[in-house]
Amino acid sequence: MRRMICALLTLVLLVSAGTALAEKFNTKLFASGKEALNLASYGEAKKALKKLGMATDEESVQAFEQFLDEEFGDCLSVVQTEVAVAYAYGKNGGYRVAIPLEAPDYDDTLTLVLKSRDGQSYSGYAATSWADVQKQLKDSASVTWKDVYDPGETVILADD
């Protein structure tokens, strides 16, 4: 009986910890991350950094431009801004917002990962594959989707 009560209390604590993490994440970070990715795709690195609330001095802009060029290159010319996922990362309560550059149909889909120490503002960026994001999601205590990707969804695009 005691073991069952201990197991139940442990389960309640784990669930409440995941809920607390979700409550700390500001979902407005989805919009600013997507807008920043869109701006970056137009070559507006300084505006993208400003949208992320990050430093916009010349050195920071050059570093961001170099990051974008080295990690994404020509793939940045056309980006999707519908699918994104936020998840708790690490033991210190940080978050990551992952935005794939295109529909994440493949494990090697390039993904922009925006880092947040507090769930309220961005503190850094990285690049990874969608497969790596999926692995991190499995290990995360809290996951929040913004438009979950459905590969069966039909998208109609107008001809130019």
Side-chain angles (χ1 to χ4, degrees), residues 14 16-151 155 157 160:
L14 287 173
S16 64
T19 303
L21 287 173
E23 290 172 0
K24 288 174 51 179
F25 179 74
N26 183 347
T27 56
K28 291 182 181 179
L29 291 180
F30 279 126
S32 60
K34 290 178 179 186
E35 288 176 38
L37 178 59
N38 194 39
L39 287 166
S41 75
Y42 289 109
E44 298 286 349
K46 186 172 185 172
K47 288 180 181 179
L49 285 173
K50 186 175 182 178
K51 181 56 72 176
L52 296 172
M54 299 175 75
T56 57
D57 58 90
E58 188 174 327
E59 186 178 328
S60 297
V61 172
Q62 287 177 349
F64 188 57
E65 286 173 337
Q66 182 177 353
F67 161 79
L68 292 171
D69 187 51
E70 289 175 1
E71 296 295 337
F72 303 127
D74 293 337
C75 295
L76 196 61
S77 61
V78 178
V79 296
Q80 72 82 32
T81 56
E82 296 301 317
V83 179
V85 62
Y87 53 97
Y89 184 83
K91 296 178 182 178
N92 298 329
Y95 291 89
R96 301 290 185 261
V97 174
I99 309 169
L101 269 58
E102 58 186 359
D105 291 326
Y106 306 100
D107 286 345
D108 62 348
T109 298
L110 294 173
T111 305
L112 174 64
V113 178
L114 299 168
K115 302 174 182 181
S116 174
R117 290 186 187 104
D118 58 5
Q120 302 301 309
S121 61
Y122 288 118
S123 56
Y125 48 84
T128 192
S129 69
W130 188 247
D132 287 341
V133 170
Q134 297 288 36
K135 289 176 192 171
Q136 292 172 10
L137 293 178
K138 290 178 185 175
D139 296 334
S140 179
S142 176
V143 176
T144 304
W145 284 91
K146 180 67 176 174
D147 298 331
V148 178
Y149 177 63
D150 177 8
V155 177
L157 300 174
D160 290 334

For [X], which residues count as a side chain to side chain donor-acceptor pair (under 3.5 Å) partner, sequence neighbours excluded?
X      : answer
Tyr125 : none
Ser60  : Asp57
Thr128 : Asp132

Next item on the list: Sorted by first residue and then second, give each salt bridge (charged side-chain N to carboxylate O under 4.0 Å, His left out) pair with at least one member in residues 35-49; sequence neighbours left out.
Entry: Glu35-Lys51
Point-to-point distance, once rounded to the nearest 0.5 Å, from [atom1] of [X] to [atom2] of [Y]:
X      : Y      : atom1 : atom2 : answer
Lys34  : Glu82  : NZ    : CD    : 5.5 Å
Leu52  : Leu29  : CG    : CG    : 9.0 Å
Leu49  : Met54  : CG    : CE    : 6.0 Å
Gln134 : Tyr87  : CD    : OH    : 10.0 Å
Tyr95  : Ser140 : OH    : OG    : 8.5 Å

Next item on the list: Could you tell me whether the side chain of Thr81 reaches within less than 4.5 Å of the side chain of Ile99, counting heavy atoms only?
Entry: no
Note to self: Using a 3.5 Å distance criterion without hydrogens, assess whether the side chain of Glu65 forms a donor-acceptor pair with backbone atoms of Ala40.
What the structure shows: no
Check: Would you find a donor on one side and an acceptor on the other, under 3.5 Å apart, between the side chain of Ser41 and the backbone of Asn38?
Finding: yes
Side-chain donor-acceptor pairs of residues 66-75 under 3.5 Å, sequence neighbours excluded:
residue, atom, partner, partner atom, Å
Gln66, NE2, Glu70, OE2, 2.8

N/O donor to acceptor pairs below 3.5 angstrom from side-chain atoms of residues 108-117, sequence neighbours left out:
residue, atom, partner, partner atom, Å
Thr109, OG1, Tyr106, O, 2.8
Thr111, OG1, Thr109, O, 3.2
Ser116, OG, Asp118, OD1, 3.4
Ser116, OG, Gly119, N, 2.8
Ser116, OG, Ser121, O, 2.6

Note to self: Which heavy atom of Ala48 sits nearest to which heavy atom of Ala36, and what is that distance?
What the structure shows: CB-O, 3.4 Å
Next item on the list: Would you indicate whether Tyr89, at its atom OH, is surrounded by more than 12 heavy atoms from other residues, nucleotides or ligands within a distance under 6.0 Å?
Entry: no
Notebook entry, point to check: Out of Phe25, Tyr122, Trp145, which one pairs with Phe30 under the ring pair (Phe, Tyr, Trp, His ring centres under 6.0 Å) rule?
Noted result: Phe25
